[in-house]
A.B. asks: 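What follows is a single structure, and I will ask about it in a moment.
Letters go in sequence order (proteins before strands), and every chain restarts at 1.
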Amino acid sequence: MDKVDAIMSIENVTKSFGGIKAVNNVSFHIKKGEIKALIGPNGAGKTTLFNVITKLYSKDEGKVFFLGKDMENYKPYELIGLGISRTFQNIQLIDEMTVIENVMLGYHSKMRANVADAFFHLPKNKKAENEAKEMAFESLKFLKIEDTANKFPHEIPFGYKRLVEMARALCIQPYMLLLDEPAAGLNESETNRLLKTIFRIWEQNVSILLIEHDMNLVMNCSHSIVAMDEGRKIAEGPPSYIQNNEDVLKAYFGK
Amino acid sequence: MKKKTFLLLLFILTMAVGIVIKNPFILNMLSMAALTVIVVTGLNLLLGFAGQISLGHAGFVALGAYISSLLSVKLGINPWVAIFVAVLASSLFGAIIGYPTLKLKSHYLAMATLAIGEIIHIVVNNYVELTGGPQGFSGMPMLSLFGFVLDNETKFYFFIWPVTFLLILLSINLVESRFGRAYKAIKSKENAAYAFGVNVHMYKVFIFTVSVFYASLAGALYAFYIGFISPSSFGLTQSIDYIVMVVIGGMGNFFGIFFTTIILSVLPNILTSIEDYWPIVNGLLLIFAMMVIPNGMKRLFSWIK
Ligand SMILES: Nc1ncnc2c1ncn2[C@@H]1O[C@H](COP(=O)(O)OP(=O)(O)O)[C@@H](O)[C@H]1O
Ligand SMILES: [Mg+2]
């Protein structure tokens, strides 16, 4: 595929922990405006690849490009500024902050108030806070969980926590959204709702890279799928192709 | 009730106490408590919000105290200028220590500050020609404000408490901004902090520097108030006391920490008969507080938002 169509290109990425190659020479593209799924059994290396993309881990080899820019030159805290946002498989909400404050953290990078504005509570700080609050509330409303705004994470059901994570990731209106197992731990109706939500996000012109364990969900919502096993990419293609791919079936249902 | 409303009420109460109480012994005790509140408020930003530990804060208090005193006594510099320079120099020193150590895992800051605190203590103890060593250092002039000399306990009380409240107000402001959220993220979910654009390393260096600013300012004001400083006021014991106050006060809980600090700094003065046992009593108090009030004073002040 042409690099120009791609919002993100992953080229020959390898990452080892000790002797284990958690990600082994993986390459694929994510097209602008597509929902790409990353599947594979537990321990396949999906989360590790996410963490390499978002620079929480350094990689051993390979390159990642975002809109043609070599990500090598960016620090982990600069990705959000490029429009890359993410959720975490192990929920990373801050317990001592309310839901809306957690979502406002997602707007941090767009807030212009500096430390002096903050220390002296200058008008600029107030303005930035109000704007962030508004954006965060919009984000919660988009996911239809605005009634949880003033609750703390421990006061809301698990399924909602995943949605709060998504609201936080959407707060800056990213170009690309990385979702790490958003359906894990959700019941059936919550999963169905999630599916609709993912489509609604996609309709806002957000490209999505979705890690998911739930094959059903993946088959229903993605345009293209990459399957991984033991660090390697074993197959790539549309859902109909992946569904019948022997290597994928083997990886999932035993060898 | 909002934090700032409660802070205002506390301020009015504190001023009222200053008007009603004429006893210089008590006023002095409360002014000393205020100085400790300043140090602990700064440490609370570092430890309570950003989750980073400093085992050398008494060393930074000493730095502010000694640099300002030396500048004033040896070079005859105006006390306010001396305080300003001392606080600036100490903060810069803090940033210089913080920059490399905060790149590493958290416990490196603990180790580095422990070492720095001890080194500062050893230097002031041994560099006798300059600091007077264990005998202490004196000769600092009284501070004066708009031609108004702070020459008794009452006057200093009415100077130091507004300053203390102002510094608490600033720290509340910081916490109630995007920076507060960033620090809370750094403390418990560092990956989320990175993902949402927080330059974790520089934020840590900044908050550490701010906490050194608070500590050295308190040290400098202390030096000019008492007019005498000696190494025994700035040892590891004091560094640990500050941490204890933040922990018992409820890590990040402004008012829990406020009252805990006042109580813990006033208590040893009242219970002079147990002075020698104070470290033991202090330790037992810590254990007691941890067991009886699991969240420090958090619950007690949970009605303040
Ligand atoms: N921080 C780490 N340190 C050591 N090993 C890790 C780390 N993160 C992941 N791994 C290992 O890498 C492999 C891939 O894990 P992961 O990426 O979490 O898989 P997945 O998300 O596909 O379930 C596993 O063998 C896992 O134990
Ligand atoms: Mg995973």
A.B. asks: Pick one of side chain, backbone, both or neither for A:N90, based on which atoms fall under 4.5 Å of a heavy atom in chain B.
C.D. replies: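 When you check distances to chain B, no heavy atom of A:N90 falls under 4.5 Å.
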A.B. asks: Within the 4.5 Å heavy-atom criterion, are B:K4 and A:H121 side-chain neighbours or not?
C.D. replies: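 Touching, per the 4.5 Å side-chain cut-off.
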A.B. asks: Is the OH atom of B:Y108 crowded by more than 12 outside heavy atoms at less than 6.0 Å?
C.D. replies: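 12 or below, so no.
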A.B. asks: What option among A:L93, A:I94, A:N102 has the most heavy-atom pairs under 4.5 Å with chain B?
C.D. replies: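 Most pairs with chain B among the choices: A:I94.
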A.B. asks: Sort by residue number and list every residue of residues 187-211 of chain B having at least one heavy atom under 4.5 Å from chain A.
C.D. replies: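 B:K187, B:S188, B:K189, B:N191, B:A192, B:Y194, B:A195, B:F196, B:G197, B:V198, B:N199, B:Y203, B:F206, B:V210, listed by number.
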A.B. asks: Please check if atom CD in A:E134 has more than 12 non-hydrogen atoms from other residues, nucleotides or ligands closer than 6.0 Å.
C.D. replies: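 Not more than 12 within 6.0 Å, no.
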A.B. asks: Taking it one step at a time, do A:M111 and B:R181 satisfy side chain to side chain contact (heavy atoms under 4.5 Å, CB included)?
C.D. replies: CA-CA 12 Å; A:M111 297 177 72; B:R181 290 189 292 273; 3.5 Å; yes
A.B. asks: Under 4.5 Å from any heavy atom of chain B, what part of A:F88 do you find: side chain, backbone, both or neither?
C.D. replies: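 A:F88 touches chain B through side-chain heavy atoms alone.
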A.B. asks: Are there over 12 heavy-atom neighbours, none belonging to A:F152, within less than 6.0 Å of that residue's CZ?
C.D. replies: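 Counting neighbours around CZ of A:F152, more than 12 heavy atoms of other residues, nucleotides or ligands fall under 6.0 Å, so yes.
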A.B. asks: For A:L79, which atoms come within 4.5 Å of any heavy atom of chain B: side chain, backbone, both, or neither?
C.D. replies: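 No part of A:L79 comes within 4.5 Å of chain B.
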A.B. asks: Pull out the residues in residues 159-171 of chain B that come under 4.5 Å of chain A, heavy atom to heavy atom, sorted by number.
C.D. replies: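 The stretch touches chain A at B:L170.
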A.B. asks: Please identify, among B:N173, B:L174, B:V175, B:I172, the residue contributing the most non-hydrogen atom pairs under 4.5 Å to chain A.
C.D. replies: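 Winner by heavy-atom pair count: B:N173.
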A.B. asks: Which pair of heavy atoms, one from A:A113 and one from B:R178, lies closest together, and at what distance?
C.D. replies: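 Scanning both residues, the minimum pair turns out to be O-NE, 2.8 Å.
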A.B. asks: Please rank A:S85, A:C171, A:P76 by heavy-atom pairs under 4.5 Å with chain B and give me the top one.
C.D. replies: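 Going by pairs under 4.5 Å, I would pick A:P76.
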A.B. asks: How would you list all residue pairs meeting side chain to side chain donor-acceptor pair (under 3.5 Å) that involve residues 165-175 of chain A, not counting sequence neighbours?
C.D. replies: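 Checked against side chain to side chain donor-acceptor pair (under 3.5 Å) - neighbours excluded - the pairs reaching residues 165-175 of chain A are A:E165-A:R168.
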A.B. asks: Take a 6.0 Å sphere around NZ of A:K69 and say whether it holds more than 12 heavy atoms from other residues, nucleotides or ligands.
C.D. replies: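 Atom NZ in A:K69 is crowded, with more than 12 foreign heavy atoms closer than 6.0 Å.
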A.B. asks: Taking side chain as everything from C-beta outward and backbone as N, CA, C, O, which of these in A:M104 sits under 4.5 Å from a heavy atom of chain B? Side chain, backbone, both or neither.
C.D. replies: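 Its backbone and side chain both get close to chain B.
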A.B. asks: Give a yes or no on this: more than 12 heavy atoms of other residues, nucleotides or ligands lie within 6.0 Å of atom CG of A:N205.
C.D. replies: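 No, because the 6.0 Å sphere around CG of A:N205 holds 12 heavy atoms or fewer from other groups.
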A.B. asks: Side chain, backbone, both or neither: which part of A:E101 has an atom under 4.5 Å from a heavy atom of chain B?
C.D. replies: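 Interface part for A:E101: both.
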A.B. asks: Looking at A:K110, I want to see if its NZ is surrounded by more than 12 non-hydrogen atoms of other residues, nucleotides or ligands under 6.0 Å.
C.D. replies: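 Correct, the count exceeds 12.
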A.B. asks: Name the region of A:Y107, side chain, backbone, both or neither, that has any atom closer than 4.5 Å to a heavy atom of chain B.
C.D. replies: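 A:Y107 has no heavy atom closer than 4.5 Å to chain B.
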A.B. asks: Spell out the residues in residues 42-52 of chain B that have some non-hydrogen atom less than 4.5 Å away from a non-hydrogen atom of chain A, in order of number; otherwise answer 'none'.
C.D. replies: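 Result: none.
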A.B. asks: For A:N125 versus B:S177, what's the shortest heavy-atom pair and its separation?
C.D. replies: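 Heavy atoms only, the tightest pair is OD1-CB, 3.6 Å.
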